[in-house]
Amino acid sequence: MSKERARRRAEREAERERLAAARAVREARAARRRELRGRVTAVLPRPVRVARQQGRLARRRRTENGVLALLWFIVQVLAWILLDGWMARLGVLIFSILLIPVLVTIVFDRRS
């Protein structure tokens with residue numbers, strides 16, 4: 001009986017040592033990766049985070065700008081699909097660029 005317990009204990013210890021060795025290999029790999037990442041990030045410049053305005057008015061303004069950009073894009077796509085001539089497409093592009101400030105003033109003006 002004691003020989004059987006000694007054999008099982010030796011198996012448990014061998015398994016524990018095997019797991020410890022595998023853990024040591026993983027930790028060494030992770031440490032090398034962290035060290036390499038640290039060296040690379042030390043050389044790179046830190047990104048500058050520009051904080052966006054929060055709140056209802058800022059969110060509303062972003063939504064308006066997004067809708068306006070989407071409508072402009074749809075007009076351009078329709079012009080490319082429906083018009084054959086390059087001059088007509090260029091005319092729609094220039095006209096839509098000149099029309100954007102007018103639309104912003106008429107549609108989104110809050111002063112009135």
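Counting begins at 1 with the first residue of the sequence. Basis for what follows: all heavy atoms, side chains included, without hydrogens, waters or symmetry-related copies.
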Closest contact, heavy atoms only, Arg62 versus Gln53: NH1-O, 3.0 Å
Could you list who else is in [X]'s hydrophobic cluster, with ILVMFWY side chains joined at under 4.5 Å, directly or through other members?
| X | answer |
| --- | --- |
| Met87 | none |
| Val92 | Val75, Leu83 |
| Val48 | none |
| Leu71 | Val67 |

Can I get a per-line list of side-chain donor-acceptor pairs under 3.5 Å for residues 16-31, giving both atom names and the distance, sequence neighbours left out?
| residue | atom | partner | partner atom | Å |
| --- | --- | --- | --- | --- |
| Arg18 | NE | Glu15 | OE1 | 3.4 |
| Arg18 | NH2 | Glu15 | OE1 | 3.4 |
| Arg18 | NH2 | Glu15 | OE2 | 2.5 |

Report the residues that fulfil side-chain contact (heavy atoms from CB on, under 4.5 Å) with Val102, sequence neighbours left out, ordered by chain and then residue number.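 With sequence neighbours excluded, Val102 shows a side-chain contact (heavy atoms from CB on, under 4.5 Å) to Leu99, Ile106, given in chain and number order.
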How would you list, by chain and number, every residue that makes a side-chain contact (heavy atoms from CB on, under 4.5 Å) with Val107, sequence neighbours excluded?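 Applying side-chain contact (heavy atoms from CB on, under 4.5 Å) to Val107 gives none.
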Pairs flagged by ring-ring contact (aromatic ring centres under 6.0 Å, His included) wherever residues 43-70 is involved - sequence neighbours left out: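 Sorted pair list comes back empty.
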With rounding to the nearest 0.5 angstrom, report the NZ to CZ distance, Lys3 to Arg8.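 Answer rounded to 0.5 Å: 14.5 Å.
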Gap between atom CZ of Arg9 and atom OG of Ser2 - 0.5 Å precision: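 If we round to the nearest 0.5 Å, Ser2:OG and Arg9:CZ are 8.5 Å apart.
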What do you reckon, is CZ of Arg56 surrounded by more than 12 foreign heavy atoms closer than 6.0 Å?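 Incorrect, the count does not exceed 12.
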Which pairs with one or both residues in residues 76-91 pass side chain to side chain donor-acceptor pair (under 3.5 Å), sequence neighbours excluded?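 As it turns out, the side chain to side chain donor-acceptor pair (under 3.5 Å) pairs with a partner in residues 76-91, which skip direct neighbours, are Gln76-Ser96.
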Taking only residues two or more places apart in sequence, or in another chain, which ones meet Trp72 in a ring-ring contact (aromatic ring centres under 6.0 Å, His included)? none
Linking I/L/V/M/F/W/Y whenever their side-chain heavy atoms sit closer than 4.5 Å, directly or via other members, would [X] and [Y] fall into one cluster?
| X | Y | result |
| --- | --- | --- |
| Leu93 | Ile81 | no |
| Phe95 | Ile74 | no |
| Ile100 | Leu70 | no |

Mind listing the side-chain donor-acceptor pairs of residues 39-46 below 3.5 Å, one per line with the distance, residues two or more places apart or on another chain?
| residue | atom | partner | partner atom | Å |
| --- | --- | --- | --- | --- |
| Arg39 | NE | Glu35 | OE1 | 3.3 |
| Arg39 | NE | Glu35 | OE2 | 2.8 |
| Arg39 | NH2 | Glu35 | OE1 | 3.1 |
| Thr41 | OG1 | Arg37 | O | 2.9 |
| Thr41 | OG1 | Gly38 | O | 3.2 |

By salt bridge (Lys or Arg N to Asp or Glu O under 4.0 Å), which residues pair with Glu13, not counting sequence neighbours? none
